[in-house]
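As a basis for the values below, the full set of heavy atoms in this structure was taken, side chains included, without hydrogen atoms, waters or symmetry mates. Position 1 is the first residue of the sequence, and the numbers go up from there.
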Amino acid sequence: DIVLAAVEQDAWSLEFAEEELTADATIVKAAVLGTDVAAFEHAHESLRKDRDFVYSLVQSDGMALAQADEALLSDLKLMLEALKNDPLVLEYALPEQRADREVVSTAVAGNGAALEFADERLRNDREIVLLAVQNCGSALHVAGSHLMSDREIVLTAVSQDGWALSAADEVLKADPDVVMAAVKNIPAAMAHAADVLKEDRNFVLRA
């Protein structure tokens, strides 16, 4: 009970617990889900290799998978469950998973910022990028360069995050509709508009 109370207050106390306690599922779960999931690295190897136990953790905090035994990273079902709870777990996915359309779609649908960790081929995939910028306009910065000139993608991105205008193609920085959408989201985004618009008094007054 003393140890349980301790890890509930400070997960990192697990690092100094006796080995048999680091193999106690109740104590480890209280530490990991109670205060700091990163403390899972100090759990006994048997728990970090236990698929069912790890699955129970990622259902609440996907990042627990990052501290589990490496062999579990290849478990597609486990990875998908983890991504639903923390899309940024994609950073720890195996190369083949970061190139897997279902895996990356699941991640960016939850948090477009996860696009950063996707395989280059999928960062150049129009459908994937459009999905990402719908909830994280700044994901445009890591998309394939040719998609930075895609009007629909850029318009979606700047509507979600005006600063995404800085990543847009120069032609679109001179597009009144694109710039207006960015400025409506973040007025200061006008700084990234083309000079032709910044010098257009009527446009500036409308913005």
Is the backbone of Ala157 close enough, under 3.5 Å, to the side chain of Asn185 for a donor and an acceptor to pair up by distance?
no
Do Asp161 side-chain atoms and Cys136 backbone N/O form a donor-acceptor pair below 3.5 Å?
no
Taking salt bridge (charged side-chain N to carboxylate O under 4.0 Å, His left out) as the cut-off, I'd like each qualifying pair that reaches into residues 94-107, sequence neighbours left out, listed once.
Arg101-Asp125, Arg101-Glu127
Write out all pairs satisfying salt bridge (charged side-chain N to carboxylate O under 4.0 Å, His left out) with one or both partners inside residues 174-183, taking only residues at least two apart or from two chains.
Arg151-Asp175, Arg151-Asp177
Can you name the closest pair of heavy atoms from [X] and [Y] and give their distance?
{"X": "Leu140", "Y": "Ala164", "answer": "CD2-O, 3.6 Å"}
{"X": "Val28", "Y": "Thr22", "answer": "CG2-O, 3.2 Å"}
{"X": "Val103", "Y": "Met79", "answer": "CG1-CG, 4.4 Å"}
{"X": "Leu65", "Y": "Ala82", "answer": "CD2-CB, 3.9 Å"}
{"X": "Val108", "Y": "Leu115", "answer": "CG1-N, 3.7 Å"}
{"X": "Phe40", "Y": "Leu47", "answer": "CZ-O, 4.0 Å"}

Assess the residue pair Asp61 and Val32 against the criterion (side chain to side chain contact (heavy atoms under 4.5 Å, CB included)); give the C-alpha distance rounded to whole Å, side-chain angles, the decisive distance to 0.1 Å, and a yes or no.
CA-CA 9 Å; Asp61 192 328; Val32 173; 5.9 Å; no
Taking the side chain as every heavy atom from C-beta outward, state whether Asp24 and Glu20 have any pair of such atoms under 4.5 Å apart.
no
Asp119 side chain near Val104 side chain, heavy-atom distance below 4.5 Å
no
Passes side chain to side chain contact (heavy atoms under 4.5 Å, CB included), Thr156 versus Gln160? Steps please.
CA-CA 6 Å; Thr156 300; Gln160 200 283 324; 5.9 Å; no
Going through the checks in order, is the side chain to side chain contact (heavy atoms under 4.5 Å, CB included) test met by Leu88 and Asn111?
CA-CA 7 Å; Leu88 298 183; Asn111 186 343; 4.1 Å; yes
Nearest 0.5 Å, what's the [atom1]-[atom2] distance between [X] and [Y]?
{"X": "Ile128", "Y": "Ser105", "atom1": "CD1", "atom2": "OG", "answer": "3.0 Å"}
{"X": "Asp50", "Y": "Leu57", "atom1": "CG", "atom2": "CG", "answer": "9.5 Å"}
{"X": "Thr106", "Y": "Leu131", "atom1": "OG1", "atom2": "CG", "answer": "9.5 Å"}
{"X": "Ile27", "Y": "Leu21", "atom1": "CD1", "atom2": "CG", "answer": "4.5 Å"}
{"X": "Leu147", "Y": "Ile153", "atom1": "CG", "atom2": "CD1", "answer": "4.5 Å"}

Quick test of your reading: applying side-chain hydrogen bond (donor to acceptor under 3.5 Å, both in side chains), list the pairs with at least one residue in residues 62-80, sequence neighbours left out, ordered by first then second residue.
Arg51-Asp75
Do any pairs count as a side-chain hydrogen bond (donor to acceptor under 3.5 Å, both in side chains) and have a residue in residues 80-89, sequence neighbours left out, and if so which ones?
Tyr55-Glu81
Could I get the full list of side-chain hydrogen bond (donor to acceptor under 3.5 Å, both in side chains) partners for [X], not counting sequence neighbours?
{"X": "Lys184", "value": "none"}
{"X": "Glu91", "value": "none"}
{"X": "Asn124", "value": "His146"}

Grouping I, L, V, M, F, W and Y whenever their side-chain heavy atoms are under 4.5 Å apart, do Val178 and Val171 come out in a common cluster?
no
In residues 188-205, what donor-acceptor pairs under 3.5 Å come from side-chain atoms, sequence neighbours left out?
{"residue": "Lys198", "atom": "NZ", "partner": "Ala191", "partner atom": "O", "Å": "3.3"}
{"residue": "Asp200", "atom": "OD1", "partner": "Asn202", "partner atom": "N", "Å": "3.1"}
{"residue": "Asp200", "atom": "OD1", "partner": "Phe203", "partner atom": "N", "Å": "3.1"}

Which pairs count as ring-ring contact (aromatic ring centres under 6.0 Å, His included) when at least one residue sits in residues 104-135, sequence neighbours excluded?
none
Those residues at least two apart in sequence (or on a different chain) that pass ring-ring contact (aromatic ring centres under 6.0 Å, His included) with His44 are none
Criterion side chain to side chain contact (heavy atoms under 4.5 Å, CB included) on Arg48 and Val54, from CA distance to verdict
CA-CA 7 Å; Arg48 291 190 295 106; Val54 173; 5.7 Å; no
Connected hydrophobic set around Ile186, excluding itself, where side chains approach under 4.5 Å
Trp163
Test of understanding: with salt bridge (charged side-chain N to carboxylate O under 4.0 Å, His left out), list the residues that count as partners of Asp150, not counting sequence neighbours.
Arg126
Given salt bridge (Lys or Arg N to Asp or Glu O under 4.0 Å), test Glu170 with Lys173 step by step and report yes or no.
CA-CA 5 Å; Glu170 293 303 315; Lys173 287 181 179 179; 3.4 Å; yes
Please check if the number of heavy atoms outside Gln59 that lie under 6.0 Å from its CD is greater than 12.
yes
